[in-house]
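Notes for the one structure printed next.
No hydrogens, no waters, no symmetry mates; every other heavy atom, side chains included, goes into these values. From a predicted model like this one, the values you see are computed outputs, not experimental measurements. Here is how names work: the chains are called A, B, and so on, in the same order as the sequence lines, proteins then strands, and each is numbered from 1.
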Amino acid sequence: MGLRFEKAVTRFRSQQAEIPQEVMICTQHELRSGPTSGAVRVRYPPSPTGAQHIGNVRTAILNWLFAKKMGGRFIVRLEDTDRDPSRYRADVIPDILSNLRYLGIEPDEDWEKGGPAGPYIQSERLYLYQNAARELIESGKAYRCYCTPERIAALRAEQQQRGEPTGYDRHCRYLSDSELEKLKAQPFVVRLAVPLEGQTLYHDEVHGDISVENSALDDQVLLKSNGWPTYHLANVVDDHSMGITHVIRGEDWLPSTPKHVLLYQAFGWETPKWTHAPLILGTDHKKLSKRHGDTEFAEYIRKGYLPEALMNFLALLGWSSGEDRELYSVEELIDRFSLEGITPHPAIFDANKLIWMNGEYIRKSSPETIIELSIPYLRKSGLIKTEEDVELAKRVIPLVTDRMKTLDEVVSLTDFFFGDMPKYDPKAVEKWLNSSDSKTILAKILPRLKGIAEEPFTVHLIEAAVRGGIDEMGIPSPQVIHPLRVALTGRMVGPGLFETMAAMGKAKVLSRLKAIIAKEH
RNA sequence: GGCGCCAUCGUUCAGCGGAUAGGACAACGGGUUUUCAUCCCGUAAACCGGGGUUCGAUUCCCCGUGGCGCUACCA
């Protein structure tokens with residue numbers, strides 16, 4: 001706890017110098033008007049403090065689906081008001097929009113394409129927040145607070161020691177004019193003057209009416225001492241000035257919504273409709289974290305989850321159409337989407353289900369699509385080196401599509417096709433290749449395969465050749481098929497043997513067979 | 001600690017006063033098959049506890065319990 005405040009203190013000091021000159025100058029600017037027409041406008045407000053979280057993408061999807069459903073506009077706004085060097089990450093900004101595009105989500109307004117309510121980067125809108133803060137101070141709805149971080153920290157420590165609720169004691173709210181005059185040159189923050197009595201009531205589309213005693217609310221900081229706004233101020237000012245009609249966000253915002261409502265009231269603005277979607281937890285019902293696997297959205301792209309699967313799965317995380325169904329195309333999702341379908345209880349991230357669903361979408365895709373998407377994985381792994389390897393890959397990928405749950409699995413599923421000899425699994429060799437019987441069997445099959453033309457080396461011809469050998473030997477077919485598979489692939493499991501051989505090509509089949517027979521002699 | 005939200009099979013999503021409580025994932029069993037996978041069929045599995053309201057509560061209300069969230073000059 002003490003540590004956190006020490007950090008806050010250093011931040012407080014180090015940032016004074018950072019503020020660009022023009023930021024400090026509050027230019028006069030008319031705030032845009034709030035929600036006016038009936039057209040739906042929703043926003044997704046990512047913050048560049050780290051790689052995009054899967055839960056944030058879920059929120060983006062909910063917003064986007066609603067916009068599409070209502071024929072409204074989907075706006076993406078960068079909330080970069082946290083300039084703490086330990087958190088701010090300019091490098092993650094480009095990924096935010098490209099991740100959305102991977103899912104097929106194209107914002108109607110964002111910081112790249114612009115739009116009528118721009119700019120869409122909060123650091124370029126500082127004058128708006130500063131004007132808003134001044135307006136509030138002038139109307140008595142907010143006040144300057146000169147308390148040092150040290151005093152706030154001490155206050156909190158005392159409160160905790162006494163077992164009292166922590167919070168600001170409103171010291172500066174009641175400063176006399178003469179005291180104010182003395183402090184004039186000191187750094188300050190702007191705090192919201194929360195009403196001391198009564199309650200704040202608002203309606204949430206999924207949780208219904210919620211009321212909170214004002215006495216339980218803190219005098220929230222609106223403007224930091226460095227002149228930058230906090231989330232609370234910036235999001236209210238922007239949602240209003242950008243004409244946002246519906247705020248759809250994670251439930252972690254539910255407790256601070258009363259503060260936002262109070263802000264709207266202080267400005268005399270109409271509030272948007274509130275919708276708080278459930279939080280995403282791991283299967284152990286704890287907040288989704290690294291322990292549960294990947295929380296970074298881009299990691300799912302890298303592993304080879306298809307956009308359709310990700311969209312489908314994420315949309316169902318906290319939303320349901322009410323049907324006993326789980327596979328939906330994007331069009332179907334849009335068609336069925338409604339705020340009513342958002343569930344009030346937490347959504348659990350079941351990675352197993354995502355894997356299953358991705359497998360479903362892989363199998364639904366055309367062979368060409370899967371080939372195209374898989375080849376990069378084979379290249380990256382080094383299996384594909386030549387044009388010939390590419391051709392081999394094209395023959396081989398359709399053979400393993402039924403087994404793939406994620407695209408990156410293509411590597412382990414097909415690696416034995418590439419190169420001269422495969423890696424041999426000792427257990428497989430032990431079971432099917434160690435007896436003298438097996439080498440006799442292989443030796444019997446070899447000439448029959450030699451007899452087939454190089455081209456075409458088809459499944460049909462291969463099967464006929466092998467079956468001929470089986471008939472001749474008069475033994476059960478598995479006793480031939482299994483040794484053959486192990487000799488050619490190094491393992492016991494894989495695609496159908498004849499398909500495998502045809503895709504491998506005559507030359508490789510013969511050379512591998514010969515090598516194994518020779519090795520055993 | 002204070003405030004808020006939530007509570008149906010192992011997991012998840014349905015159910016919004018009267019149903020044999022349904023679907024999916026996972027599990028298990030069976031079928032197809034040269035193996036694995038796919039595919040098909042089937043089995044097992046749930047309304048947190050206690051009070052109300054009602055002719056009737058899984059469903060509405062209250063309390064309890066449990067889980068989660070918020071409680072920053074982070075978003």
Side-chain angles (χ1 to χ4, degrees), chain A residues 4-5 7-9 11-12 15 45-49 56 79-82 84 87-88 145 147 149 152 156 159-160 162-167 187-191 204 206-207 210-213 215-218 220-226 228-232 234-235 250-258 276 278-279 281 283 285-287 316-327 343-350 352-357 359 363 400-405 413 428 432 463 466 470 476-482 484-486 489 491-498:
Chain A
R4 177 188 279 182
F5 267 91
K7 226 174 100 185
V9 171
R11 188 191 324 146
F12 171 83
Q15 283 188 341
S47 188
T49 50
N56 289 127
E79 308 228 326
D80 60 344
T81 55
D82 182 4
D84 186 317
R87 286 189 296 261
Y88 180 73
C145 168
C147 291
I152 303 288
R156 163 188 284 264
Q159 288 166 333
Q160 276 177 337
R162 289 198 298 258
E164 290 171 6
T166 56
F188 62 86
V189 300
V190 176
R191 287 181 184 272
D204 182 273
V206 353
H207 297 285
I210 295 174
S211 67
V212 177
E213 294 296 329
S215 57
L217 264 25
D218 212 4
Q220 190 63 50
V221 171
L222 265 21
L223 212 59
K224 308 174 201 176
S225 57
N226 63 7
W228 291 66
T230 60
Y231 170 86
H232 305 288
N235 119 84
E251 204 183 292
D252 41 350
W253 289 113
L254 202 57
S256 47
T257 304
H276 289 90
L279 256 20
L281 309 178
T283 41
H285 288 213
K286 301 290 180 200
K287 194 173 175 180
L316 258 35
L317 225 44
W319 174 81
S320 166
S321 73
E323 300 163 285
D324 281 341
R325 219 237 279 203
E326 22 274 307
L327 262 23
T343 62
H345 51 257
I348 277 74
F349 189 93
D350 185 356
N352 263 335
K353 199 148 181 170
L354 204 210
I355 290 170
W356 163 77
M357 193 175 278
R363 269 169 262 126
V400 298
T401 304
D402 277 354
R403 272 151 263 255
M404 283 166 59
K405 303 280 195 199
L413 253 15
W432 294 109
E463 177 157 13
V466 175
I470 291 170
S477 56
Q479 286 195 29
V480 175
I481 284 171
H482 293 312
L484 257 180
R485 180 194 308 284
V486 175
T489 70
R491 54 177 82 175
M492 288 190 277
V493 302
L497 178 65
F498 307 124

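Of all nucleotides present, only B/rU43 satisfies the Watson-Crick or G-U wobble test against B/rA27, with each distance under 3.5 Å. Pair assignment for B/rA57 gives none, since no Watson-Crick or G-U wobble pairing has each distance under 3.5 Å. Across all strands shown, the partner of B/rG22 is B/rC13, judged by Watson-Crick or G-U wobble contacts whose two distances both fall under 3.5 Å. Base pairing annotation: B/rC70 forms a Watson-Crick or G-U wobble pair with B/rG2, both donor-acceptor distances under 3.5 Å. B/rC48 is paired with B/rG64 under the Watson-Crick or G-U wobble criterion, all donor-acceptor distances under 3.5 Å.
Distance CZ (A/Arg485) to C1' (B/rU33): 11 Å, rounded to an integer number of Å. If you measure from atom OH of A/Tyr231 to atom P of B/rA72, you get 17 Å, rounded to the nearest angstrom. Nucleotide B/rC25 holds its C1' atom 7 Å from the CG atom of A/Asn352, rounded to whole Å. Atom C1' of nucleotide B/rC70 and atom NE2 of A/His207 are separated by 13 Å, given to the nearest angstrom. Look at CH2 on A/Trp319: it is 18 Å from P on B/rA24, rounded to the nearest Å. For the pair A/Leu354 CG and B/rC13 P, the interatomic distance rounds to 14 Å; values are reported in whole Å. Between the CZ atom of A/Arg156 and the P atom of B/rG2 there is a distance of 16 Å, given to the nearest Å. In this structure, A/Ile152 atom CD1 and B/rU71 atom P are separated by 16 Å, rounded to whole Å.
Between B/rC73, B/rA75, B/rG22, one nucleotide has an atom nearer to the side chain of A/Val221 than all others, and that is B/rC73. Nearest to the side-chain atoms of A/His482 among the listed nucleotides B/rG4, B/rU35, B/rU12 stands B/rU35. Checking B/rC73, B/rC6, B/rU34 against every side-chain atom of A/Pro344, the shortest atom distance belongs to B/rC6. Listed nucleotides: B/rU12, B/rA75, B/rU34. Nearest to the side chain of A/Glu79: B/rA75.
Within the 4.0 angstrom heavy-atom criterion, base atoms lie near A/Gly494. Residue contacts shown for A/Pro229 are limited to sugar-phosphate atoms, with no base heavy atom under 4.0 Å away. Residue contacts for A/Pro278: at a heavy-atom cut-off of 4.0 Å it reaches no nucleic acid atom on any strand shown. At the heavy-atom level, A/Glu326 lies under 4.0 Å from base atoms of the strands shown. The residue A/Ala347 sits close only to the backbone: its heavy atoms come under 4.0 Å of sugar-phosphate atoms, none of a base. Heavy atoms of A/Thr401 sit nowhere under 4.0 angstrom from any nucleic acid atom. Residue contacts for A/Leu254: at a heavy-atom cut-off of 4.0 Å it reaches the sugar-phosphate backbone alone, with no base atom in range. At a threshold of 4.0 angstrom between heavy atoms, the contacts of A/Gly496 include nucleobase atoms, whether or not backbone atoms are also involved.
For the P atoms, the distance linking B/rG2 with B/rC60 amounts to 27 Å, nearest Å.
Counting only N and O atoms by type, the side chains of A/Ser215 and A/Glu213 include no donor and acceptor under 3.5 Å apart.
OP1 or OP2 of B/rC39 has at least one side-chain nitrogen or oxygen of A/Arg363 nearer than 4.0 Å. Remark: A/Lys405 is not in phosphate contact with B/rA37, judged by side-chain N or O atoms under 4.0 Å from OP1 or OP2. The side chain of A/His345 places no N or O atom within less than 4.0 Å of a non-bridging phosphate oxygen (OP1 or OP2) of B/rU8. Phosphate contact (OP1/OP2 of B/rA75, side-chain N/O of A/Thr81, threshold under 4.0 Å): present. Applying the 4.0 Å criterion to OP1 and OP2 of B/rC5, one finds that A/His276 has every side-chain N and O outside that range.
Without hydrogens or angle criteria, A/Asp350 side chain to A/Asn352 main chain gives a donor-acceptor distance under 3.5 Å.
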*Can you give one letter per nucleotide of nucleotides 57-69 of chain B, 5' to 3': B if a protein heavy atom sits under 4.0 Å from the base, S if only from the sugar-phosphate, - if neither?*
----------SSS
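Taking every heavy atom of both residues into account, A/Trp228 and A/Asp80 meet most closely at CZ3-O, 3.6 Å. A pairwise comparison of heavy atoms in A/Val400 and A/Pro495 identifies CG1-CG, 3.9 Å as the closest pair. Between A/Val212 and A/Pro258 the shortest heavy-atom distance is CG2-CG, 3.8 Å. Minimum heavy-atom separation, A/Leu327 to A/Met357: CD1-CG, 3.9 Å.
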*Kindly determine whether A/Thr81 and A/Tyr231 satisfy side chain to side chain contact (heavy atoms under 4.5 Å, CB included), including the steps that lead there.*
CA-CA 7 Å; A/Thr81 55; A/Tyr231 170 86; 5.7 Å; no
*Tell me, with the steps shown, if A/Arg363 and A/Lys405 meet side chain to side chain contact (heavy atoms under 4.5 Å, CB included).*
CA-CA 9 Å; A/Arg363 269 169 262 126; A/Lys405 303 280 195 199; 3.9 Å; yes
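Rounding to the nearest 0.5 angstrom, the gap separating the CG atom in A/Leu254 from the NE2 atom in A/His276 is 5.0 Å.
For A/Gly167 and A/Asp80, each mapped to the nucleotide of RNA chain B holding its nearest heavy atom, the one lying further toward the 5' end belongs to A/Gly167. Nearest-nucleotide assignment on RNA chain B puts the 5′-proximal partner with A/Pro165, out of A/Pro165 and A/Met492.
Side-chain atoms of A/Ser256 stay outside donor-acceptor range of the base of B/rC70, with no qualifying N/O pair under 3.5 Å. In the interface, the side chain of A/Lys353 is paired with the base of B/rA24 through a donor and an acceptor atom under 3.5 Å apart.
Ring planes of A/Trp432 and A/His482: tilted class, angle from 30 to 60°.
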